[in-house]
There are 2 protein chains.
Amino acid sequence: MDNQDIRKAGLKVTLPRIKILGLLENNSQRHVSAEDVYKMLLDNGEEIGLATVYRVLTQFETAGLVTRHNFEGGHAVFELDRGGHHDHMVCVVCGKVEEFIDTTIEKRQREIAKEHGFEMVDHSLIIYGHCGNPKCKVGY
Amino acid sequence: MDNQDIRKAGLKVTLPRIKILGLLENNSQRHVSAEDVYKMLLDNGEEIGLATVYRVLTQFETAGLVTRHNFEGGHAVFELDRGGHHDHMVCVVCGKVEEFIDTTIEKRQREIAKEHGFEMVDHSLIIYGHCGNPKCKVGY
DNA sequence: CTTGCAATGAAAAAGATTCTCATCATCATT
DNA sequence: AATGATGATGAGAATCTTTTTCATTGCAAG
């Protein structure tokens, strides 16, 4: 995942795109909003506009470099697409996101889509719950 | 599902709430945005404010009368909660929504959550694809 | 190097949702 | 049925997220 990926997507290799891709690669939390990306880059002393962040993230999504998720919260979050598809588990208290993949579910989904006459092109499975952290348990 | 449900939710039985609940019950498309509800009620000659629609839908959600979904599209859609949980299949071309339920997937989800130390409280499974309509097929 | 065309940033605009506040309606109590 | 406390409403302002506009800048092909 480097600048060649940007070029292969038919996009010019510009500083903003390099910075955004770099941040997505190296940031500790894999799921970030456009606003997150913008602020982090500003904090790193980069000069960038919020509109550019939105534009580039959308272009990366179209190019298949990142995936956009519509979790709860009123804003989209983006994640670098590292090849392997996976689903998400979100803690309703602290917001922690864990990833998982289950072949049983994946297979059933394709079968169900076919049963309904759908040709599946994508899917989104999000499990909401209380994560292992005691502070996030019910009745804390 | 009637006015008693509104009262049981600890809410006063007011005209806007009756109208919104009635619309959710009788409307042909089960998944509607706040804007949809607002416009439909206006078209029916009702006097109602958009802020009230948002407020009431959120209250109904809290009360467990309706469910809010974050499909793609930048706005939430609401659906009357008719007791039975189900998942969704959305056509990426025409937007048609079909509902389904699969016990295999439901069971696996609970197991997976537990394996990750999560206590599942909710989940969202959306399959995106091309529906049976020839116009929605790939390459049309 | 030059030059076309894509990319950028700032600000405005658009869209979705929430908040404020003065007025009004519900409903438990008279 | 009248009253009054309290919650609900509608209009518009405000907020938040995302997109668009447009003048300027920078990549990259020749």
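Proteins get letters first, then strands, A, B, ... in listed order; numbering begins at 1 in each.
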(message) So A:R55, base contact, sugar-phosphate only, or nothing? Heavy-atom distance under 4.0 Å.
(response) base
(message) Using whole Å, what does the distance between atom P of nucleotide D:dT17 and atom CZ of A:F78 come to?
(response) 13 Å
(request) Verify, without hydrogens or angle tests, whether B:N133 (side chain) and B:K135 (backbone) share a donor-acceptor contact under 3.5 angstrom. (result) yes
(request) Just call it for A:A76: base, sugar-phosphate, or nothing, with non-hydrogen atoms closer than 4.0 Å on any strand. (result) sugar-phosphate
(request) Check the distance between D:dT18's C1' and A:E61's CD and give it to me in whole angstrom. (result) 13 Å
(message) Distance under 4.0 Å to a non-hydrogen atom of chain A counts as contact; along DNA chain C, which nucleotides mark the start and end?
(response) C:dG4 to C:dA11
(request) Nearest whole angstrom, please: distance from the P of D:dT19 to the CD of A:Q59. (result) 11 Å
(message) Quick check against the 3.5 Å criterion: does A:H75 have a side-chain atom that pairs as donor or acceptor with the backbone of A:G73?
(response) yes
(message) Expressed as a whole number of angstroms, how long is the span from B:L50:CG to D:dA14:P?
(response) 17 Å
(request) Check whether any side-chain heavy atom of B:F71 lies under 4.5 Å from a side-chain heavy atom of B:V90, and answer yes or no. (result) yes
(request) Please round to the nearest 0.5 Å and tell me the distance separating atom CG of B:D81 and atom OG1 of B:T67. (result) 3.5 Å
(request) State whether A:E111 and A:R108 are salt-bridged, where the test is any N-O pair (Lys NZ or Arg NE/NH1/NH2 against Asp/Glu carboxylate O) under 4.0 Å. (result) yes
(message) Using every non-hydrogen atom in the two residues, find where A:I101 and A:H86 come nearest and quote the distance to one decimal.
(response) CD1-CA, 4.3 Å
(request) Grab the NE2-C1' distance between A:H75 and D:dC16 for me, whole Å please. (result) 11 Å
(message) What is the distance, to the nearest angstrom, from the OH atom on A:Y54 to the P atom on D:dT20?
(response) 13 Å
(message) Rounded to whole Å, please give me the gap between OH in A:Y38 and P in D:dT18.
(response) 14 Å
(request) May I ask you to test the A:E79-A:L24 pair for a side-chain heavy-atom distance under 4.5 Å? (result) no
(message) With a 3.5 Å distance limit and no angle check, can you tell me whether A:D36 reaches the backbone of A:S33 through a side-chain donor-acceptor pair?
(response) yes
(message) Show the nearest heavy-atom pair for residues A:I6 and A:I18, with the distance to one decimal.
(response) CD1-N, 4.1 Å
(message) At under 4.0 Å between heavy atoms, how does the protein contact nucleotides 23-30 of chain D? Give one character per nucleotide, 5' to 3', with B, S or -.
(response) ---BBS--
(message) Nearest whole Å is fine: how far is D:dC16 P from A:E35 CD?
(response) 10 Å
